[in-house]
Enquirer: 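Below: one structure in structure tokens.
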Amino acid sequence: MELSQATLEIFSKLEQKWLSHCEGKKTRILSIDGGGTTGFLAGAALIHLEDQIRAKTGDSHSRIADFFDIVAGTGIGALFAAMLTAEDGNGRPLFTATDAVKFVTEKQSELYKVKHVGVFRRQRRFSGTNIDKVLKEALTREDGKVLTLKDTCKPLLVPCFDLKSSAPFVFSRADATESPSYDFELWKVCRATSATPSLFKPFNLSSVDGKTSCLAVDGGLVMNNPSAAAVTHVLHNKRDFPSVNGVEDLLVLSLGNGPLNSTSSLKLSRNGDCSTASVVDIVLDGVSETVDQMLGNAFCWNRTDYVRIQANGVASTEGALKGRGTESLPFGGKRLLTETNGERIESFVQRLVASGKSSLPPSPCKETAVSPLLTAVSPLANGR
């Protein structure tokens with residue numbers, strides 16, 4: 001006998017209340033990998049994530065930022081993260097997931113316009129002028145305001161590597177709200193984390209008050225998968241996340257962008273050496289997999305609290321979501337799951353909706369800060 005629509009809705013609400021009662025309120029982290037220029041897997045996952053949130057809440061205006069307490073991203077993942085959390089002037093995200101992915105797809109040729117440099121113009125690079133223009137267009141409001149780290153609906157984390165200090169530098173809204181010396185224009189933050197050495201020149205940027213500067217290269221070289229940075233930030237940021245005492249208080253969704261390298265695509269020279277481009281890809285993939293392994297170990301007693309979505313040799317959007325997911329095992333290795341990546345996102349959304357919208361305020365007041373930042377440049381200060 002088929003259940004009526006009213007009965008299904010009643011059971012659905014009871015299920016959500018039961019799940020919420022069982023697991024309590026957890027701090028929700030969304031992490032988006034860098035890697036590549038299309039972000040096809042992360043883009044597809046974000047659209048599916050937001051569609052599922054809307055379907056399960058019955059609210060067509062729901063956004064990803066409504067159900068996550070912090071978003072982190074590297075490279076093209078940082079662009080998605082910034083677009084989904086940038087505030088439109090009315091307290092709402094500037095882009096839906098669909099609109100963000102559509103923008104990146106339509107601007108693909110402008111974002112990564114190839115130019116040839118060198119004496120014989122044989123060296124292939126991307127145009128810095130073009131990507132600057134597109135990023136500024138994406139992260140400037142209609143009223144002409146160029147958005148900064150402070151102008152986000154939820155906390156945002158974006159890593160890069162600072163050549164001046166030879167250390168990682170993590171752009172953070174938490175620091176931006178405490179001091180203008182750590183507040184940077186969002187488009188420049190995205191530009192900094194995307195400056196892959198073999199494709200772009202290092203990008204020089206300064207804070208809004210000019211007191212902090214950074215000569216940045218791709219954040220993917222050190223944090224292509226920023227999940228660990230986000231988890232560490234939440235665990236140590238008691239101002240924004242006072243109720244978090246350990247990983248048992250976290251719920252993490254980590255979106256990969258597919259492996260950049262494979263045995264078939266590895267380019268070797270005649271003497272057996274790897275090409276520069278292949279070495280960069282190996283580094284990015286290695287960083288992502290290492291972080292996944294570390295978090296897999298950290299969440300080994302509560303595996304469902306950490307979900308990693310990654311393509312496994314699939315080069316299409318549809319195939320990536322329909323492909324079976326994988327899970328890191330303690331002490332190394334992975335296991336193939338029965339659920340597809342799309343189904344894993346749906347299960348994760350069920351828990352998100354059951355625990356309700358994020359209660360984190362849009363932007364914390366500076367007066368609530370536990371202590372002011374020092375004015376000296378400290379590349380790891382904002383990785384608290």
Side-chain angles (χ1 to χ4, degrees), residues 31-43 72-83 104-105 107-118 121-136 138-139 157-171 184 186-205 214-226 229 255-262 265-267 273-291 311 315 379:
S31 174
I32 312 171
D33 279 20
T37 58
T38 62
F40 82 92
L41 174 59
T74 302
I76 197 161
L79 178 55
F80 284 138
M83 294 172 78
V104 171
T105 302
K107 299 289 184 178
Q108 190 76 26
S109 60
E110 295 179 58
L111 274 169
Y112 304 104
K113 185 176 182 180
V114 176
K115 66 175 183 177
H116 296 279
V117 298
R121 301 184 65 78
R122 292 178 178 175
Q123 190 176 359
R124 182 175 173 270
R125 282 186 179 273
F126 291 136
S127 168
T129 303
N130 276 61
I131 192 173
D132 290 356
K133 179 183 176 182
V134 176
L135 292 178
K136 185 176 285 190
L139 297 167
L157 284 183
V158 176
C160 73
F161 188 85
D162 180 20
L163 295 178
K164 289 183 178 180
S165 60
S166 298
F169 191 106
V170 181
F171 299 100
F184 294 80
L186 273 178
W187 79 266
K188 291 182 179 179
V189 170
C190 293
R191 179 72 168 82
T193 191
S194 302
T196 306
S198 61
L199 300 174
F200 288 107
K201 292 180 180 179
F203 184 69
N204 198 3
L205 72 162
C214 175
L215 184 60
V217 293
D218 192 353
L221 298 177
V222 286
M223 298 183 204
N224 195 53
N225 176 350
L255 304 180
N257 261 314
L260 294 171
N261 222 340
S262 64
S265 64
L266 185 61
K267 296 179 181 178
D273 292 335
C274 289
S275 66
T276 302
S278 293
V279 170
V280 172
D281 288 352
I282 291 170
V283 169
L284 299 183
D285 285 340
V287 168
S288 293
E289 290 303 311
T290 300
V291 169

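Keep in mind the model is a prediction, meaning the values are calculated, not measured.
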Enquirer: Mind checking side chain to side chain contact (heavy atoms under 4.5 Å, CB included) for Lys133 and listing every partner two or more places apart, or none if nothing turns up?
Expert: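 By the side chain to side chain contact (heavy atoms under 4.5 Å, CB included) rule, Lys133 matches no residue at all.
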Enquirer: Sequence neighbours excluded, which residues qualify as side chain to side chain contact (heavy atoms under 4.5 Å, CB included) partners of Ser194?
Expert: none
Enquirer: What are the two closest non-hydrogen atoms of Lys201 and Arg191, and how far apart are they?
Expert: O-NH1, 4.5 Å
Enquirer: With rounding to the nearest 0.5 angstrom, report the CG to CG distance, Leu215 to Asp162.
Expert: 7.0 Å
Enquirer: Give the minimum heavy-atom separation between Ala216 and Cys160, together with the two atoms involved.
Expert: CB-SG, 3.7 Å
Enquirer: Just verifying a value: how many Å separate Leu163 CG and Phe203 CZ, rounded to the nearest 0.5 Å?
Expert: 13.0 Å
Enquirer: Asn204: which residues meet the side-chain hydrogen bond (donor to acceptor under 3.5 Å, both in side chains) condition with it, sequence neighbours left out?
Expert: none
Enquirer: Can you name the closest pair of heavy atoms from Ser166 and Phe161 and give their distance?
Expert: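 Taking every non-hydrogen atom into account, C-CZ, 3.4 Å.
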Enquirer: How many angstroms lie between SG in Cys190 and CZ in Phe184, if you round to the nearest 0.5 Å?
Expert: 13.5 Å
Enquirer: Answer with yes or no whether the side chains of Ser288 and Asn225 bring together a donor and an acceptor at under 3.5 Å.
Expert: no
Enquirer: Roughly how far, to the nearest 0.5 Å, is the CG atom of Leu135 from the CG atom of Leu111?
Expert: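 One finds 6.0 Å between CG of Leu111 and CG of Leu135.
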Enquirer: Test of understanding: with salt bridge (charged side-chain N to carboxylate O under 4.0 Å, His left out), list the residues that count as partners of Lys107, not counting sequence neighbours.
Expert: Glu110, Glu137
Enquirer: Going by the side-chain contact (heavy atoms from CB on, under 4.5 Å) test, name the single residue among Val170, Val158, Ile76, Val217 that passes it with Thr193.
Expert: Val158
Enquirer: Can you tell me how far apart NZ (Lys188) and CG (Asp132) are? Round to the nearest 0.5 Å.
Expert: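 It is 9.0 Å, given to the nearest 0.5 Å.
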Enquirer: Less than 4.5 Å apart, side chain to side chain, heavy atoms only: is that true for Asp218 and Phe200?
Expert: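 No, too far: nothing below the 4.5 Å cut-off.
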Enquirer: Closest approach of Leu186 and Ala82, non-hydrogen atoms and distance?
Expert: CD2-CB, 4.4 Å
Enquirer: Any donor-acceptor pair under 3.5 Å linking the side chain of Thr74 with the backbone of Met223?
Expert: yes
Enquirer: On a heavy-atom basis, which atom in Val104 and which in Leu79 lie closest, and how many Å separate them?
Expert: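 Between these two residues, the closest heavy atoms are CG2-CD2, 3.8 Å.
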Enquirer: When rounded to the nearest 0.5 angstrom, what distance separates CG in Leu205 from CZ in Phe169?
Expert: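 CZ of Phe169 is found 8.0 Å from CG of Leu205.
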